[in-house]
Amino acid sequence: MNAVPPSPNSIPRAEGATPAMAQWFAAKAAHPDALIFFRMGDFFELFFADAVTAGEALGLAVSHRGEHAGRPVPMAGVPVHAMEAYLARLIRRGYRVAICEQMETPEAAKARKAPAVRREVVRVVTPATVTEEALLEGPRPSWLLALAPEGGERVGAAWLDVSTGQVCTENLVAAELGALLARLEPAEVLAPESLTAGDLLTPLGGAVRETAPPRDGGRVAAEAWGVASLAAFGGFTEGETAALAMALDYVRATSGGTLPRLAPPECRGGEGTLRMDAATRRSLEILRAERGGKDCLLGAVDRTLTAAGARELAARLSTPLAEEAPIAARHDAVSFLLAAGSVRSGLREALRGAPDMARALGRLSVERFFPRDLAALRDGLARAEAMRAAIAEAAGVPPVPPLLLSALGALVPDGSPRAELARALAAELPARLEDGGIVGAGYDGELDALRRLRDDARGAILALQMDLAQAWGVASLKIRHHQQLGFLAEVPAAAGETLLRAKPAPGPMAPVHRQSMANAHRFTCGALSDLDRKLSQARDEAARREAMVVRHLRKLCLDAAAGIAAAARAAAEIDVHAASAELAAGGGWCRPEIPSRPDFCITQGRHPVVEAALRRNRGPAFVPNDADLSPGRRLCLLTGPNMAGKSTYLRQNALMVVLAQAGLFVPAESARIGLVDRLFSRVGTADDIAGGRSTFMVEMSETAAVLNQAGPRSFVVLDEVGRGTATWDGLAIAWAVLEALHDRLRSRTLFATHFHELTALAGKLPELAPAAMKVREHRGQVVFQHLVGPGASERSWGLHVARLAGVPREVVGRAETVLASLEERARGLDPLSGELPLFAAGAPPRPQPGVEPDPLITALEGLDPDAMAPREALEALYRLKSLLPGHGMAVAPQKDSLSSVG
């Protein structure tokens with residue numbers, strides 16, 4: 001849902017506002033498209049149209065507070081301690097929220113004689129710049145994508161995740177922007193007017209912000225990493241640099257002028273990865289299901305135990321590799337952990353419940369952290385050490401593969417603050433920094449003393465009371481607290497008179513008279529004044545001292561940030577490898593061979609998502625199938641009725657490519673999958689109402705993308721091409737597409753169709769192999785076997801499916817009658833050109849018993865036009881004419897007239 005911010009016209013003018021409300025008007029003027037969370041004591045208040053908007057979105061009661069311009073001011077509020085929950089709901093609905101914080105205490109404002117506490121907008125919370133755990137999806141990154149046009153048809157793209165600090169760039173042609181958007185699913189997009197004016201970004205609605213690239217993008221980007229030039233990190237184009245600067249400026253503007261810790265930018269040229277466009281990703285439901293829920297590829301294969309591991313798995317599935325060596329390295333790691341069950345168990349035990357170090361580090365870098373973030377780094381680094389020990393114990397035969405060895409070195413960073421954090425942090429941590437109790441006893445002596453003073457005031461008073469009684473020689477001395485005068489030592493009247501007459505010895509114990517009563521005197525002294533001051537300041541001093549210790553711990557972590565981030569990445573990668581091995585250990589998953597030649601041979605393959613759903617719902621066992629698109633049979637023409645499993649078969653083989661090249665095992669007995677450079681899947685096309693395109697137009701657009709981009713190393717899945725138009729048009733289009741795939745593109749292809757006439761192409765296209773979904777009839781019922789076999793389907797069984805769907809019996813009966821009539825009529829169609837055997841008429845009908853054959857047809861069937869001389873052909877024509885009813889014997893023309901004709 002794309003939220004609509006309150007209209008600026010609904011906000012009154014600021015003239016006549018109170019000092020506090022004047023600050024609100026200033027904040028609103030600076031951020032007109034955001035809801036202003038205005039801090040007032042223990043609440044964040046919203047006013048005017050913001051209050052109404054937030055009230056509707058959050059279900060808050062809207063009241064009124066004072067007046068402005070003669071009218072009551074609408075107001076709604078949320079408690080400070082519950083702000084995150086309310087923010088999460090607003091951000092998920094697409095709103096932007098500006099946090100206007102109190103920058104001083106009321107006492108400080110009073111001391112400087114200010115009319116109101118000073119408030120400033122410290123940050124703007126947007127969907128792509130959130131760092132709070134409650135506002136983020138653990139298994140998904142929150143990408144901010146910036147786009148900047150380059151010369152010609154190219155675009156520079158940069159995307160970063162504020163929560164983890166990951167930064168990437170790419171230079172691509174404008175036509176591939178849709179694929180990039182589908183791959184990243186960004187939370188927000190920044191683009192100049194030249195790009196927002198088109199249709200490509202329109203579906204993203206309020207997630208798109210029109211932004212102009214800065215003038216000196218290279219300087220902006222270089223300063224963010226403290227380098228002279230981005231060349232230190234790679235070769236970035238002008239468009240990539242401009243897009244990166246756009247993203248950095250936006251993050252800085254929304255974060256109060258600061259930037260989070262950012263990893264060096266990675267230049268992703270798009271090479272070495274499997275290309276998939278938006279339609280393919282939607283068709284295969286890789287990261288999310290069209291209908292929601294977990295029935296997608298990620299949900300079916302995810303066995304990771306950490307949020308970072310889930311993000312890494314999602315990244316691998318959305319961007320599979322297309323180079324043999326890195327794919328093999330991932331498969332080696334999975335194979336090792338599959339064979340080494342004890343090592344895998346040790347790793348997964350260490351990973352279970354491990355915290356998200358990357359995001360905790362991100363919050364520390366922007367000072368929006370909580371005590372649990374320090375604990376996350378402490379515990380995460382401890383888990384990483386346990387993982388390293390588990391891998392180190394496996395050294396031997398077989399050797400540990402390179403990917404796991406490199407992770408082994410990164411798991412324990414140099415200068416790790418784990419030991420210091422373990423010594424400093426309390427066993428039980430509070431929810432917020434201001435609650436105190438973060439630092440454990442024994443870490444800082446001064447803090448311990450302040451806490452003892454704060455927590456044991458009575459003991460300190462009794463100790464001083466005994467000291468004063470001894471020093472003044474008054475055993476009955478009592479320390480009392482006076483509301484105006486503070487702590488005082490009270491002695492009986494007689495003892496007080498003695499103290500008044502005596503000359504006090506200099507020092508902190510020297511009594512100073514403060515008050516006389518009928519039967520007692522009250523004194524103070526330097527020691528008592530110090531105690532009074534210390535007790536009143538102990539809480540504040542303890543809080544300040546603890547904050548200083550926490551800042552020290554934060555600095556330790558940030559100084560080791562690069563190593564901690566590397567350890568977090570290594571742990572996430574190991575989580576993915578171990579999870580993949582765990583999935584394969586369940587049975588029926590194999591390591592695929594990835595040759596460089598364009599092979600594709602699957603034995604007993606299964607659809608991972610459908611199989612998981614059947615198992616979860618305790619349905620029947622999934623029926624596995626083979627697939628062979630190796631050279632010589634690389635185009636499979638699949639026919640069969642609806643409900644028989646054609647679409648499942650198509651998708652499962654496309655998903656084999658995704659899984660194999662992402663570095664996972666595949667659900668099959670064996671698999672040999674030659675490297676694929678581009679994957680196309682056109683299954684289940686729907687219309688595009690918002691774009692004004694019909695189902696057929698969408699289908700043709702997607703088919704055009706295949707025909708314009710696929711090549712010999714591509715893998716293509718097409719379902720029912722030509723179904724959305726007239727029968728003859730659809731047949732012609734399907735015919736031409738099949739020829740192009742076979743003759744020109746030479747892609748490995750699965751082509752499903754209901755046009756059974758297309759099977760006639762098997763005789764024309766040598767690498768086309770027809771296949772059919774197996775169906776059998778049993779006692780008048782049709783049984784779908786979900787098996788794929790060679791050959792062609794004889795019928796579509798459409799009326800049977802209609803009956804299963806609940807179409808009324810009389811309608812199905814009428815359809816059967818109409819179908820029989822149409823089939824009878826089709827037998828009389830004239831044959832078309834021999835170049836299109838698809839449209840050739842079938843064999844002539846057999847003569848019915850007891851019916852004399854027509855002599856004209858008999859004579860016509862006996863002719864062989866190709867073997868006739870011209871005169872013989874003319875004589876045969878006259879003979880046929882004589883057989884027509886009402887015609888006598890015709891006489892052939894004379895030889896002279898025949899020769900004159902030609």
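The model shown is predicted, which means the values in this text are computed figures rather than measured ones. The basis for the numbers below is simple: all heavy atoms, side chains too, and nothing from hydrogens, waters or symmetry mates.
Side-chain contact check for T603 and S670: at least one donor-acceptor pair (N or O, by modelled atom type) lies under 3.5 Å. In summary, the side chains of D161 and S142 do not present any donor paired with an acceptor at a separation below 3.5 Å, with no hydrogens or angles considered. The closest side-chain donor-acceptor pair between S681 and R282, if any, does not fall under 3.5 angstrom. Residues N171 and E150 have side chains that bring a donor and an acceptor to within less than 3.5 angstrom of each other. Looking at Q652 and R606, their side chains never bring a donor and an acceptor atom within 3.5 Å of each other. In summary, the side chains of D277 and T280 do present a donor paired with an acceptor at a separation below 3.5 Å, with no hydrogens or angles considered. Using modelled atom types and a 3.5 Å distance limit, the side chains of S163 and R359 yield a donor-acceptor pair.
Between T164 and R311 the shortest side-chain heavy-atom distance falls below 4.5 Å.
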Counting only pairs under 3.5 Å, give me each side-chain donor-acceptor contact of residues 313-329, with atom names and distances, residues two or more places apart or in other chains.
| unit_1 | atom_1 | unit_2 | atom_2 | d |
| --- | --- | --- | --- | --- |
| R316 | NE | E312 | OE2 | 2.9 |
| R316 | NH2 | E312 | OE2 | 3.4 |
| S318 | OG | A314 | O | 3.1 |
| S318 | OG | A315 | O | 3.1 |
| T319 | OG1 | R183 | NE | 3.4 |

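With respect to T753, the side-chain contact (heavy atoms from CB on, under 4.5 Å) criterion is satisfied by exactly one of L638, L731, L758: L758.
The stretch residues 581-619 participates, sequence neighbours left out, in these ring pair (Phe, Tyr, Trp, His ring centres under 6.0 Å) pairs: F600-F715. Sorted by first and then second residue, the pairs that involve residues 633-642 and meet salt bridge (Lys or Arg N to Asp or Glu O under 4.0 Å), not counting sequence neighbours, are D628-R633, R634-E767. Listed by first and then second residue, the side-chain hydrogen bond (donor to acceptor under 3.5 Å, both in side chains) pairs that reach into residues 572-584 are T306-D575, R344-E582, sequence neighbours excluded. Sorted by first then second residue, the salt bridge (Lys or Arg N to Asp or Glu O under 4.0 Å) pairs that include residues 665-677, not counting sequence neighbours, are D599-R672.
What you find for G309 and V576 is that their closest heavy atoms are O-CG2, 3.4 Å. Across all non-hydrogen atoms, the minimal contact from R682 to E702 is NE-CB, 2.7 Å. Across V737 and F751, no two heavy atoms sit closer than the pair CG1-CE1, 4.0 Å.
Atoms CZ and CD, from F622 and Q604 in turn, are 10.5 Å apart once rounded to the nearest 0.5 Å. Atom CD1 of I286 sits about 10.0 Å away from atom CG of L298, to the nearest 0.5 Å. Here L650 contributes atom CG and L718 contributes atom CG; the two are 8.5 Å apart, rounded to the nearest 0.5 Å.
For R748, the salt bridge (Lys or Arg N to Asp or Glu O under 4.0 Å) criterion is met by no residue, not counting sequence neighbours.
Salt bridge annotation for E176-R275: present, with a cationic side-chain nitrogen under 4.0 angstrom from a carboxylate oxygen. Under a 4.0 Å N-O distance rule, the pair E185/R288 qualifies as a salt bridge.
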